[in-house]
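Computed from a prediction, not measured in an experiment: that's the story for all the values here. Residue numbers run from 1 in the order of the sequence given.
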Amino acid sequence: MSLAQIKLYTEEDYYTLPENVRAELIDGYLIYNQAAPSRIHQTILSELHAIIYHYIKSKKGSCKVYPAPFAVKLKEDKKTIVEPDISVICDRNKLTDKGCTGAPDWIIEIVSPSTSSHDYVRKLNLYMDAGVREYWIVDPSKSNIFVYYLEQKNFKADAYTFHDKIKVNIYDELYIDFAEFDL
């Protein structure tokens, strides 16, 4: 009796998925994002994207901010492509027609009930290993934000609530006040 073979997927498989299918490729496994995001998820995404976009533009910065869906190929191994809710890339050489190749400077994930362990554990480790400088996990169900900032190959962590004004570590003058969001 032979054992069932597990199919591992590649970057080529990821890019041939139908356009209306949202999935991530992590270590060769396709992870499908089935449910549409909630209204609060989309509100938070819109507020954060607008604040970051206008900050970069007002400072005439070279960084670019992209909301999901936006493909981020973290490694050259062709087995890991994620779609963070928000990606900030300051090295424009990492940008391609397909998205980003390499670690963004800042990633924000907005937790959905079905993705919480994925965002808190699997992606935290992926992003740290890839060299993402700052990673935020925004959890609407708990009204909290965890900010991870890379310091010498390890993330330093801080916890905040939706009542806090949070300093963005990759910028000197950017603070985001969640209390001002129209949730």
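No hydrogens or angles considered: a donor-acceptor pair under 3.5 Å links the side chains of D139 and Y120.
Heavy atoms only, all atoms of each residue included: L25 and K79 are closest at CG-O, 3.3 Å. Among all heavy-atom pairs drawn from A23 and L30, the shortest one is CB-CD2, 4.4 Å. What you find for V88 and P104 is that their closest heavy atoms are O-CB, 3.5 Å. Closest of all the heavy-atom pairs between R22 and A68 is NH2-CB, 3.9 Å.
The shortest distance between side-chain heavy atoms of I89 and Y66 falls below 4.5 Å. The side-chain heavy atoms of D13 and K7, taken from C-beta on, include a pair separated by under 4.5 Å.
Of the inter-residue distances, the one linking T80 atom OG1 with D77 atom CG reads 4.5 Å to the nearest 0.5 angstrom. Distance NZ/K98 to CD1/I81: 8.0 Å, rounded to 0.5 Å. In this structure, Y149 OH and D158 CG are separated by 11.5 Å, a value rounded to the nearest 0.5 Å. Residue F70 holds its CZ atom at 6.0 Å from OG of S87, rounded to the nearest 0.5 Å. One finds the CG atom of L17 at 11.0 Å from the CD atom of E19 (value rounded to the nearest 0.5 Å).
Every pair passing disulfide (SG to SG under 2.5 Å) that includes a residue from residues 70-120 is listed here, sequence neighbours excluded: C63-C90. Residue pairs meeting the ring-ring contact (aromatic ring centres under 6.0 Å, His included) criterion with at least one member in residues 35-63, sequence neighbours excluded: Y55-Y171.
Other residues, nucleotides and ligands contribute over 12 non-hydrogen atoms within 6.0 Å of the NZ atom of K94. Heavy atoms from other residues, nucleotides or ligands lying under 6.0 Å from OH of Y29 number 12 at most.
Under a 3.5 Å cut-off, the side chain of R92 and the backbone N or O of S62 do form a donor-acceptor pair. A donor-acceptor pair under 3.5 Å is absent between the side-chain atoms of D164 and the main chain of I166, judged by distance alone.
Residue I108 is tested with I44, I52, I145, I137 for a side chain to side chain contact (heavy atoms under 4.5 Å, CB included); the sole match is I52.
Here D27 pairs with K75 under the salt bridge (charged side-chain N to carboxylate O under 4.0 Å, His left out) rule; sequence neighbours left out. Partners of Y160 under the ring-ring contact (aromatic ring centres under 6.0 Å, His included) rule, at least two apart in sequence or in another chain, do not exist in this structure.
When the side chains of ILVMFWY residues are joined at heavy-atom separations under 4.5 Å, either directly or via intervening members, I26 and V111 end up in a single hydrophobic cluster. Clustering ILVMFWY residues whenever any of their side-chain heavy atoms sit less than 4.5 angstrom apart, transitively, puts W106 in a cluster other than the one holding F146. When hydrophobic clusters are built by joining Ile, Leu, Val, Met, Phe, Trp and Tyr residues whose side-chain heavy atoms come closer than 4.5 Å, directly or via intermediates, I86 is not grouped with Y148. Grouping the Ile, Leu, Val, Met, Phe, Trp and Tyr side chains by contacts below 4.5 angstrom, directly or via other members, places Y135 apart from I110. When hydrophobic clusters are built by joining Ile, Leu, Val, Met, Phe, Trp and Tyr residues whose side-chain heavy atoms come closer than 4.5 Å, directly or via intermediates, I31 is grouped together with I107.
E11 and K73 are joined by a salt bridge, as a carboxylate oxygen and a charged side-chain nitrogen come within less than 4.0 angstrom of each other.
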What side-chain donor-acceptor pairs closer than 3.5 Å can you find for residues 173-183, not counting sequence neighbours?
residue: E173; atom: OE1; partner: K59; partner atom: NZ; Å: 2.5
residue: D177; atom: OD1; partner: A179; partner atom: N; Å: 3.0

Review item, side-chain donor-acceptor pairs of residues 122-133, under 3.5 Å, at least two apart:
residue: K123; atom: NZ; partner: E24; partner atom: OE1; Å: 3.0
residue: K123; atom: NZ; partner: E24; partner atom: OE2; Å: 2.7
residue: K123; atom: NZ; partner: E109; partner atom: OE2; Å: 2.8
residue: N125; atom: ND2; partner: V121; partner atom: O; Å: 3.0
residue: Y127; atom: OH; partner: E109; partner atom: OE2; Å: 2.7
residue: R133; atom: NH1; partner: D105; partner atom: OD2; Å: 2.9

| Can E134 and L150 be said to form a side chain to side chain contact (heavy atoms under 4.5 Å, CB included), step by step? | CA-CA 6 Å; E134 188 159 354; L150 193 61; over 6 Å; no
